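Quick notes on the structure that follows.
Residue indices begin at 1 and follow the sequence shown. Small disclaimer: the values here were computed from a predicted structure and weren't measured.
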Amino acid sequence: MLSEDHVLSIRNVSKCYHIYREKHHRLLQALTGDRKKYYKEFWALRDISFDVRRGECVGIIGRNGSGKSTLLQIVAGTLTPTRGELEIRGRVAALLELGSGFNPEFTGRENVYLNGTVLGLAPARIDAKFDEIAAFADIGEFIEQPIKTYSSGMVVRLAYAVQALVEPEFLIVDEALSVGDAAFQMKCMAHMQRLMDRGTTILIVSHSVQTIRTYCGRAIWLDRGRVREAGPAPEVTSQYVEFLFAGSTSRPEEVKAVTDQPAPTDQLMALEYPGRKDPLRRWGSGEIQVTHFSVSGDRSGNTPVFQHLENIRIRFRAAVRQGLAADVIAVAAALRDIRGIDVIAVSSAEHKLYWTSLEPGEIVDASFEFENIVNPGEYMLIVAVEYFVEGKRKYCDYVENAFLIQTVSEHRHFGVVEPRVQININKSQAGCPA
């Protein structure tokens, strides 16, 4: 039995799927029963156990395929566990596949009443909430149009507004919000913060370590269907990030000196380093190509995870393959966020640092050092060799996904970047100065 201060209790919950090699094997299995197996067992979850207290926000992290969404669907009641027990108390709202329960032929207004009724609300209660729901969705006159005329973003807006504004006692949130635009995501996060302030219990899945650290007191790390770690969010997320990036940074390749200049003091990795999961996306004319790179912090060292406001050094090496007719040749680096925006982009040409000529066989080194003012999140490192002909910028090599880095912090942040700021405030007596 649930205690008074708990809203969720999960004990040894497991979920097994039957994987059939051929479609007709399902029929054969139905005909033969348990006498022969035509399927292979896949355990999405194995022996999951944890409790959630009233008013608590618990985050679930893990790589794709670790069982996060399966677990949330079981908690929401849309999946039945193969074995184990689950007990839940209170009105539950689940933000999983937003809009999946809408009737495309119904208008937005009709779907609000349909979904509200499914959630157990009386028509009078929906009447009282309708204006608030419509205002939050912010889809204007489309509220009176059929859902089939909506964009995917409009469907997400309305679905979230219906689910979240019914004042749930227990809110379950999957990565569904990631499909909305940035402004809508911010509105949703602010709304969830208000729910937390009112004592709503929240169970949230997110790939964003910073989201888990900001909103959750506890975190549960799932790995291959099992609980690998559970505890305070900062500790669990730190272990998860270390595990996530260990394969790509455990043995960086040190580059030997290829000129009469001193060898670099920090370590460089080959652009095609062992363990790279995503193929490089690069383009350019090819006369000069990036071969090695490194990213290091004055506090974190050579790592993909950096603290907010620590000093970062991006360094890369490029080889001159062919001669190049250009006015000047320069280098550039950028950090791009998940929305595709370059939050930091720097070119040496803008600082009057460039070469006027380079010969085949030569090696060029470049480094960019800056204070990490980008707020917590994931960023893709971009490195490039550029050149100018009659004032027009062109690229020898433009590498879009050299490396994935993360900025983390123990504090909550706002905006895209947050530089060190000096603030002065004063107060004076009312009235005009003499």
Practice problem: Show the numbers, then the answer: is there a side-chain contact (heavy atoms from CB on, under 4.5 Å) between Thr237 and Val408? | Solution: CA-CA 10 Å; Thr237 53; Val408 297; over 6 Å; no
Practice problem: Could you walk me through whether Tyr215 and Ser206 pass the side-chain contact (heavy atoms from CB on, under 4.5 Å) test, one step at a time? | Solution: CA-CA 11 Å; Tyr215 294 98; Ser206 178; over 6 Å; no
Self-check item: Verdict with supporting geometry, Ile344 and Phe368, side-chain contact (heavy atoms from CB on, under 4.5 Å)
Solution: CA-CA 11 Å; Ile344 289 180; Phe368 299 82; over 6 Å; no
Self-check item: Step-by-step side-chain contact (heavy atoms from CB on, under 4.5 Å) determination, Ile314 to Phe370
Solution: CA-CA 9 Å; Ile314 296 171; Phe370 57 93; 3.7 Å; yes
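What you find for Asp223 and Arg63 is that their closest heavy atoms are OD1-NH2, 4.2 Å. Looking at every heavy atom in both residues, Met196 comes nearest to Cys57 through CE-CB, 3.9 Å.
For the atom pair Glu110 CD and Asn103 CG, the distance stands at 8.5 Å (nearest 0.5 Å). Between Ile172 atom CD1 and Gln73 atom CD the span is 10.5 Å, to the nearest 0.5 Å.
We find that Asp5 and Arg89 are not joined by a salt bridge, their nearest charged nitrogen and carboxylate oxygen being 4.0 Å or further apart. Salt bridge annotation for Glu350-Arg393: present, with a cationic side-chain nitrogen under 4.0 angstrom from a carboxylate oxygen.
Judged by the 6.0 Å distance and 45° axis criteria, Lys23 is not positioned over the aromatic ring of Tyr20.
For Glu169, there are no salt bridge (charged side-chain N to carboxylate O under 4.0 Å, His left out) partners two or more places apart in sequence or in a different chain.
A donor-acceptor pair under 3.5 Å is formed between the side chain of Thr82 and the backbone N or O of Cys16. Using modelled atom types, no side-chain atom of Asn372 and backbone atom of Ile312 make a donor-acceptor pair closer than 3.5 Å. For the pair Ser66 (side chain) and Gly225 (backbone), a donor-acceptor distance under 3.5 Å is absent. In this structure a side-chain-to-backbone donor-acceptor pair under 3.5 Å is missing from Ser9 to Asp51.
Taking the six-membered ring for Trp and thresholds of 30 and 60 degrees, Trp283 and Tyr398 have nearly parallel ring planes, at less than 30 degrees apart. In this structure, Tyr160 and Phe136 have parallel ring planes: the angle between them is below the 30° cut-off, well short of the 60° mark.
Counting non-hydrogen atoms of other residues, nucleotides and ligands closer than 6.0 Å to CZ of Phe142 gives a total of 12 or fewer. No more than 12 heavy atoms of other residues, nucleotides or ligands shown are found within 6.0 angstrom of CD on Glu85. Counted within 6.0 Å of CD on Glu141, heavy atoms from surrounding residues, nucleotides or ligands total 12 or fewer; the atom is thus considered open.
Ring pair Phe106/Tyr113: centre-to-centre distance not below 6.0 Å.
When each of Leu271, Val331, Leu280 is tested with Val290 by the rule side chain to side chain contact (heavy atoms under 4.5 Å, CB included), just one qualifies, namely Leu271.
In this structure, a donor-acceptor pair under 3.5 Å is absent between the side chains of Asn302 and Ser296.
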